[in-house]
Amino acid sequence: MKDSRATVLQDIQHALGRKTPRQPSQFAMQPINLSRVHDVDLVKVFIEQAQQARNQVIETTENQLISTIAQWLEDHDLKVSINIAPALADWDWRTLTVQSGPADEGSIVSVTPALCGIAETGTVLCTSGPDHPTTLNFLSEVHMILLDKSQLVATYEQAWYCVEAQPVLPRTVNFISGPSRTGDIEQTLQFGAHGPKQCVILLYGATHR
Amino acid sequence: MQVNSLQFKTAAKQAVQDETLQKALNNLNRGFVVKRAKAVAQLPEFDRLRDQAREVKNHTLAYLDTYLMQYEQHVKAAGGTVHWAKDATQACEIIGHICQQHHAKMVTKGKSMITEEIGLNDYLQQQGMQVLETDLGEYILQLRQDHPSHIVAPAIHVLKEQVADSFRAAHQTLDAKRDLHDIDALLAEARATLRYQFGQADVGITGANFLLADSGMAGIVTNEGNGDLTQIMAKTHIVVASLEKVLPDFNAAALIMRLLARSATGQEITAYTTFSTGPRQAQDLDGPEHYHVVLVDNGRTKMLADERRDMLRCIRCGACMNHCPVYGAVGGQTYGWVYPGPMGAVLTPSLAGLEKTHLLPNASTFCGRCVEVCPVRIPLTKLMRHYREAAFSQKLDPARTRWALKLWVWLVKRPKLYHLCMMLAIKILYRFGKKSGRFKYLPLAHGWTQDRDFPAPESTTFQRQWQQYERQ
């Protein structure tokens with residue numbers, strides 16, 4: 001297959017009118033300030049956008065995270081073992097039965113931390129890793145996402161800086177904007193196609209401002 | 001997939017009579033078109049983003065080799081393997097070989113137009129593998145042995161009753177008397193049926209909306225989560241992507257992320273946009289063990305060389321076909337191949353050759369709505385005209401058409417003679433049409449009069465009327 005690599009590259013160069021690769025000219029892209037996240041209360045915009053994307057957003061405090069989760073499960077009549085990210089394994093889960101690790105096909109509720117939240121579309125960013133395996137984001141029916149307000153950024157580009165700031169670039173980076181959905185049957189919107197049917201964002205802490 | 005574009009006229013006639021299809025196409029106009037307009041209205045910077053996206057794509061295409069090599073380097077560094085395929089046959093062989101290497105019996109797939117283009121499913125099935133489409137629309141089509149009619153909503157032409165029928169026929173282990181009247185029941189059944197398949201897959205194949213050169217990441221944009229489950233649950237993940245998907249870095253992808261969902265479905269963003277590269281890392285608890293990327297040319301390098309390079313900017317949003325009156329009348333399957341609508345009218349001749357596809361650039365009134373809505377400002381009508389000219393000079397149109405055009409050109413180049421002929425024609429039509437104001441039959445106009453009356457002129461030619469007006 002080495003031949004085809006050389007062939008394709010040669011064909012590209014031929015099409016571009018040259019015989020060798022060239023270093024790309026510096027491409028200066030003038031960043032466009034999105035008015036919706038320019039000079040605004042990021043928390044407010046994040047919540048609005050996240051709700052528009054069909055997340056349920058619950059504002060709470062760090063101390064009350066576990067009780068908020070417990071209450072939510074009770075309100076929704078879910079007396080199940082919940083799948084938690086290993087990052088949360090040391091927390092005091094009190095009466096809740098938890099399983100730390102990747103999710104499986106039988107998972108009903110998963111709880112994971114988010115790396116950051118993006119105000120422009122109410123998106124949460126989750127990365128793979130031993131402390132927060134990716135299957136927790138996709139296999140459960142309810143995905144509960146813990147997001148610290150100080151981790152809110154305005155734009156996708158800013159969120160990527162958070163990813164690049166990690167010691168190692170993760171294998172998988174998920175931008176998650178609400179529950180799984182499809183319009184494939186007669187263009188009617190339905191939730192829970194293959195991923196979670198519900199996304200609950202627990203927003204806690206104070207912003208860095 | 002075989003190219004059937006020369007059947008366009010016959011297929012179009014059938015499509016217009018097909019009540020099921022027409023019902024489905026009506027939904028399309030009310031749905032995507034209205035939603036896109038709303039989303040665009042909510043983002044004041046939308047047009048400027050389109051300009052930037054065009055610039056970024058043009059820049060990338062001008063250095064396509066460099067960016068692809070950079071991308072390849074990073075994939076290797078992440079523990080993946082990059083393969084290069086000159087054409088569809090080679091691409092299938094490479095993917096088949098990888099599957100055989102990993103003793104694959106079952107292959108899951110995320111939605112991928114490039115894999116339709118290269119005919120991958122048939123190839124793998126011939127090699128003895130089970131191939132399972134996991135995107136709901138594609139899964140429905142697979143059960144029906146049907147083909148996508150839209151690049152974003154592939155099963156848009158299928159009614160829910162038809163889905164229910166297909167599910168009953170395919171899911172034999174379930175209670176035959178179950179109620180599948182509700183679409184919720186249909187979705188629940190699809191979800192349950194496919195749930196355990198993801199983990200059983202030896203190989204998971206996805207396409208890519210973006211390839212990031214500076215990190216080796218491949219990005220997919222989905223709503224269902226099936227693309228994600230396909231890639232993280234299978235033992236081997238194969239990404240299949242055409243060359244022009246590469247971008248310099250994440251900032252370029254972010255730009256396109258802002259345009260793609262809004263243009264396609266009117267969503268601000270899809271539920272999932274996922275970037276990934278390489279197999280699972282040493283400490284990861286889930287993810288594929290092996291990672292391969294197959295870069296596919298299949299005609300793109302030829303397009304790069306001339307004005308068709310503009311078409312390589314396409315981000316596969318489907319806005320053009322959503323807004324196209326021709327697509328809206330006949331649906332995607334009429335176009336006879338993988339890519340329908342305005343983008344298909346340009347891409348299909350580019351990839352499959354004009355001889356088999358020259359009717360498609362003619363499937364347009366040049367109303368220009370596609371150009372108006374294209375997020376990366378592809379001059380679609382200009383490119384269709386390029387192909388019309390090429391078809392004419394290659395004598396692909398029937399002789400009658402070419403002679404009619406040649407006569408027209410001859411006349412039009414002689415304005416006085418042209419006007420004289422027009423005057424004569426209008427006078428005759430006026431004389432005979434005066435009574436009823438319309439014609440049920442007209443020589444040479446059967447294509448028009450078989451479905452509708454031809455209006456009679458009310459007086460004389462516009463030019464003559466204008467001259468009279470000027471004299472007043």
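Order of the sequence lines fixes the chain letters, A, B, ..., with proteins taken first and strands second; residue numbering starts at 1 for each chain. The figures here come from the full heavy-atom set of this structure, side chains too, leaving out hydrogens, waters and symmetry mates.
Counted by atom type alone, B:N223 and A:T182 present zero donor-acceptor pairs between their side chains at under 3.5 Å. Remark: the A:Q13 side chain and the B:D65 side chain contain an N/O donor-acceptor pair separated by less than 3.5 Å. Neither side chain, B:R191 nor A:Q190, offers a donor N or O lying under 3.5 Å from an acceptor on the other.
For B:T270, the part lying under 4.5 angstrom from a heavy atom of chain A is the backbone only. Contacts of B:P279 with chain A are made by backbone atoms alone, with heavy-atom separations under 4.5 Å and no side-chain atom involved. Heavy atoms closer than 4.5 Å to chain A are found in the backbone of B:L61, but not in its side chain. Both the backbone and the side chain of B:E55 have a heavy atom closer than 4.5 Å to some heavy atom of chain A. For B:Q162, no part sits under 4.5 Å from any heavy atom of chain A, backbone or side chain.
Between chain A and the options B:V158, B:I140, B:V163, B:L194, heavy-atom pairs under 4.5 Å are most frequent for B:L194. Between chain B and the options A:G195, A:C126, A:G17, A:G178, the largest number of non-hydrogen pairs under 4.5 Å is found for A:G195.
Salt bridge status for B:K23 with A:E186: absent, with no side-chain N to carboxylate O gap under 4.0 Å.
From B:T277, atom OG1 reaches atom CZ of A:R171 across 7.5 Å, with rounding to the nearest 0.5 Å. Atoms CG and OG, on B:L229 and A:S180 in that order, are 8.5 Å from each other to the nearest 0.5 Å.
For A:S35, the side-chain hydrogen bond (donor to acceptor under 3.5 Å, both in side chains) partners two or more places apart in sequence, or in a different chain, are B:E45. Under the salt bridge (Lys or Arg N to Asp or Glu O under 4.0 Å) criterion, B:R50 pairs with B:D47, not counting sequence neighbours.
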Given side-chain contact (heavy atoms from CB on, under 4.5 Å), test B:R258 with A:Y156 step by step and report yes or no.
CA-CA 9 Å; B:R258 292 190 179 101; A:Y156 304 140; 3.8 Å; yes
Run the side-chain contact (heavy atoms from CB on, under 4.5 Å) check on A:R5 and B:K86 step by step: do they pass?
CA-CA 8 Å; A:R5 179 182 185 276; B:K86 181 66 195 160; over 6 Å; no
Might you work through the salt bridge (Lys or Arg N to Asp or Glu O under 4.0 Å) test for A:R54 and B:E268, ending with a clear yes or no?
CA-CA 12 Å; A:R54 311 294 192 107; B:E268 300 272 301; over 6 Å; no
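Ring-plane geometry between B:F250 and A:F175 is classed as parallel, the angle between the planes falling under 30 degrees on a 0 to 90 degree scale with a further cut at 60.
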